[in-house]
A.B. asks: 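Right, I'll just put the structure down here and ask away after.
Computed from a predicted model, the values in this text were never measured in an experiment.
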Amino acid sequence: MKLRKWFLLLFFSVNVTGGFSQHAQPVVLPNGWRLTPTGKHLPLGDLPLNMAISPNGRWMAVTNNGYGRQCIKIFDTKKEQEVDDQTIAKSWYGLNFSHDGKWLYASAGNDNQIKMYRVSPIGKLTLSDSIVMGKQWPMRISPSGIGVNPKTGDLFVLTRWDNSMYIYRPSDKKLLKKVDLGGEGYQVIVSSDGKFAYASCWGCDQVRIWDIRQGIWAASVPVGSHPNEMCLDEKKRRLFVANANDNSVSVINLEQQKVEEVLNTALFSTSLSGSTTNGLCLLRNGKQLAIANADNNCLAIFDVSEPSKSRSLGFIPVGWYPTNVKFANDKLWVTNGKGIHSSANPFGPNPANLTQ
């Protein structure tokens with residue numbers, strides 16, 4: 001029988017030593033694997049892929065991108081509760097707040113648009129406008145990661161299907177520049193000084209560095225296979241890059257523009273590829289790194305306080321197929337792409353019903 005899955009958000013209370021609270025009851029998956037997720041659980045939509053934290057840390061947006069109803073949910077990170085849920089016809093990974101927190105930008109996937117939502121003081125969303133990048137599918141664009149320049153408010157948008165980076169001015173939706181990325185794009189981060197944009201090229205195994213003032217690609221840094229999510233440590237001039245096909249995180253020295261260290265995130269150092277490392281974040285003090293291992297159903301935690309001398313602190317059990325991890329209000333928040341269990345799908349296809 002086809003299964004219906006409930007998709008959950010899992011988060012942890014965290015203290016200065018990285019301890020985590022509250023254990024759920026063990027769950028056995030259909031493949032026989034056992035889950036013992038830690039933390040509190042809140043319901044999400046179908047296949048959550050990304051989270052974005054507002055500049056003040058109060059609101060957390062989650063994009064849900066599966067085969068069911070696609071939506072964007074807003075959570076209050078202090079009260080630990082959902083405050084809004086907006087249906088979106090098509091969506092994907094791209095999600096980010098404006099530098100003042102008054103807007104939320106979301107990828108509309110194969111509709112080839114960036115949806116622009118106003119964010120109210122109580123966290124409610126209102127769809128106000130859209131940036132139209134081109135005609136809808138089958139025109140091959142599909143925006144993925146969205147970066148925001150904190151100095152100008154300009155949007156940097158990577159794409160999956162035409163392997164490009166678009167730069168928009170959201171105030172009038174003007175396209176300022178379009179440049180070739182060299183492969184399918186995933187995430188883009190703009191530095192706090194507005195000088196550089198860092199783009200993970202999913203399809204070319206590189207991180208490309210865009211010099212915003214000069215308007216050129218300043219460098220391309222080879223990393224692992226299938227680089228996806230990144231996080232920036234500006235204090236120590238490092239960029240952490242998750243490599244989904246390598247069980248690894250590449251640590252780029254931004255001064256030297258080269259990889260200075262590779263972290264093995266797998267459960268065992270000799271493990272073959274298959275952990276699917278696909279999300280990561282720094283904890284508030286910047287000394288610890290949390291990494292989502294989707295196919296290991298866990299977070300890997302590393303001490304990264306000393307450059308080039310990182311060490312594993314162990315693993316935290318989470319739900320089924322963690323896709324993203326963020327740190328807000330002294331908590332780690334984890335999206336579990338497949339929830340914590342399967343359940344019957346009474347309203348879906350049923351092989352025993354011959355009238356279907």
Side-chain angles (χ1 to χ4, degrees), residues 1-14 20-30 33-54 57-93 95 104 106-107 109 115 117 119-120 122-125 127 278-279 281 290 292 294 297-299 316-348:
M1 177 181 290
K2 185 175 179 179
L3 300 178
R4 184 181 66 174
K5 306 178 181 71
W6 292 100
F7 301 89
L8 305 178
L9 179 86
L10 173 65
F11 64 89
F12 310 91
S13 298
V14 61
F20 299 87
S21 68
Q22 192 177 347
H23 287 268
Q25 293 297 316
V27 177
V28 179
L29 300 179
W33 291 7
R34 184 178 296 270
L35 296 180
T36 54
T38 297
K40 179 180 177 180
H41 306 88
L42 297 173
L44 285 180
D46 193 350
L47 188 63
L49 288 181
N50 196 7
M51 294 178 280
I53 308 298
S54 64
R58 180 64 183 272
W59 312 118
M60 182 179 66
V62 183
T63 180
N64 300 273
N65 313 115
Y67 285 108
R69 182 181 72 92
Q70 299 198 357
C71 62
I72 296 173
K73 290 178 178 283
I74 300 292
F75 287 85
D76 184 323
T77 63
K78 290 183 179 180
K79 296 181 179 180
E80 301 174 357
Q81 64 185 25
E82 180 183 315
V83 296
D84 204 4
D85 180 343
Q86 295 286 326
T87 297
I88 181 171
K90 296 183 182 67
S91 62
W92 204 58
Y93 169 85
L95 193 68
L104 179 70
S107 165
K115 297 296 185 182
Y117 296 88
V119 184
S120 79
I122 59 173
K124 297 291 186 179
L125 299 182
L127 180 60
N278 65 350
C281 72
N297 306 320
C298 72
L299 299 182
I316 305 296
V318 294
W320 192 1
Y321 203 84
T323 56
N324 207 274
V325 57
K326 292 290 188 290
F327 184 75
N329 262 320
D330 295 322
K331 305 177 188 74
L332 281 171
W333 300 73
V334 181
T335 49
N336 295 295
K338 301 181 181 181
I340 56 172
H341 61 83
S342 292
S343 60
N345 187 4
F347 305 110

A.B. asks: If we only count heavy atoms from C-beta on, is the Leu29 to Trp320 side-chain gap below 4.5 Å?
C.D. replies: yes

A.B. asks: Which atom pair, heavy atoms only, marks the closest approach of Gly45 to Cys71?
C.D. replies: CA-SG, 4.5 Å

A.B. asks: Any idea which heavy atoms bring Pro37 and Leu35 closest together, and the distance?
C.D. replies: CD-C, 3.4 Å

A.B. asks: Using only heavy-atom distances, determine whether the side chains of Asn336 and Lys338 contain a donor-acceptor pair under 3.5 Å.
C.D. replies: no

A.B. asks: List for me each residue that meets salt bridge (charged side-chain N to carboxylate O under 4.0 Å, His left out) alongside Asp85, sequence neighbours excluded, and say none if there are none.
C.D. replies: Arg69, Lys73

A.B. asks: So, taking the atom named CD1 in Ile88 and the one named OG in Ser107, what distance separates them when rounded to the nearest 0.5 Å?
C.D. replies: 7.0 Å

A.B. asks: To the closest 0.5 Å, what do you measure between CG (Asn50) and OG1 (Thr323)?
C.D. replies: 8.0 Å

A.B. asks: Grab the two heavy atoms, one from Lys326 and one from Met51, that are nearest each other, plus how far apart they are.
C.D. replies: CE-O, 3.3 Å

A.B. asks: Would you say the side chain of Val334 lies within less than 4.5 Å of the side chain of Leu299, judging by non-hydrogen atoms?
C.D. replies: yes

A.B. asks: Would the distance check show the side chain of Gln70 and the main-chain N or O of Gly66 forming a donor-acceptor pair, the cut-off being under 3.5 Å?
C.D. replies: yes

A.B. asks: Could you tell me which non-hydrogen atom of Gly57 sits nearest to which non-hydrogen atom of Ala328, and how far apart they are?
C.D. replies: O-CB, 4.4 Å

A.B. asks: Among residues at least two apart in sequence or on other chains, which ones pass side-chain hydrogen bond (donor to acceptor under 3.5 Å, both in side chains) with Asn297?
C.D. replies: none

A.B. asks: Return yes if some donor-acceptor pair links the side-chain N/O of Thr77 with the main-chain N/O of Arg58 below 3.5 Å, else return no.
C.D. replies: yes

A.B. asks: So, the side chain of Asp76 versus the backbone of Lys78: is there a donor-acceptor pair under 3.5 Å, distance only?
C.D. replies: yes

A.B. asks: Who pairs with Tyr117 by side-chain hydrogen bond (donor to acceptor under 3.5 Å, both in side chains), at least two apart in sequence or on another chain?
C.D. replies: none

A.B. asks: Which residues pass the side-chain hydrogen bond (donor to acceptor under 3.5 Å, both in side chains) test with Thr63, sequence neighbours left out?
C.D. replies: Asn65

A.B. asks: Is there side-chain contact between Val83 and Ile122, with heavy atoms separated by less than 4.5 Å?
C.D. replies: no

A.B. asks: If you look at every heavy atom in Leu332 and Ala290, which pair is closest and at what distance?
C.D. replies: CD2-CB, 4.0 Å

A.B. asks: Which residues satisfy the side chain to side chain contact (heavy atoms under 4.5 Å, CB included) test with Asp84, sequence neighbours excluded?
C.D. replies: Ile74, Gln86, Lys124, Leu125

A.B. asks: Do the side chain of Trp333 and the main chain of Phe327 share a donor and acceptor less than 3.5 angstrom apart?
C.D. replies: no

A.B. asks: Quick one: closest heavy-atom pair of Ser91 and Asn64, and the distance?
C.D. replies: OG-O, 3.4 Å

A.B. asks: Hey, does Asn324 have a side-chain heavy atom less than 4.5 Å from the side chain of Tyr93?
C.D. replies: yes

A.B. asks: Is there a side chain to side chain contact (heavy atoms under 4.5 Å, CB included) between Val28 and Trp33? Walk through the geometry before answering.
C.D. replies: CA-CA 6 Å; Val28 179; Trp33 291 7; over 6 Å; no

A.B. asks: Rounded to the nearest 0.5 Å, what's the gap from CD on Gln81 to CZ on Phe75? Could you check?
C.D. replies: 10.0 Å

A.B. asks: Is a side-chain N or O of Thr335 found less than 3.5 angstrom from the main chain of Val62, in a donor-acceptor match?
C.D. replies: no

A.B. asks: Who pairs with Asn278 by side-chain hydrogen bond (donor to acceptor under 3.5 Å, both in side chains), at least two apart in sequence or on another chain?
C.D. replies: none

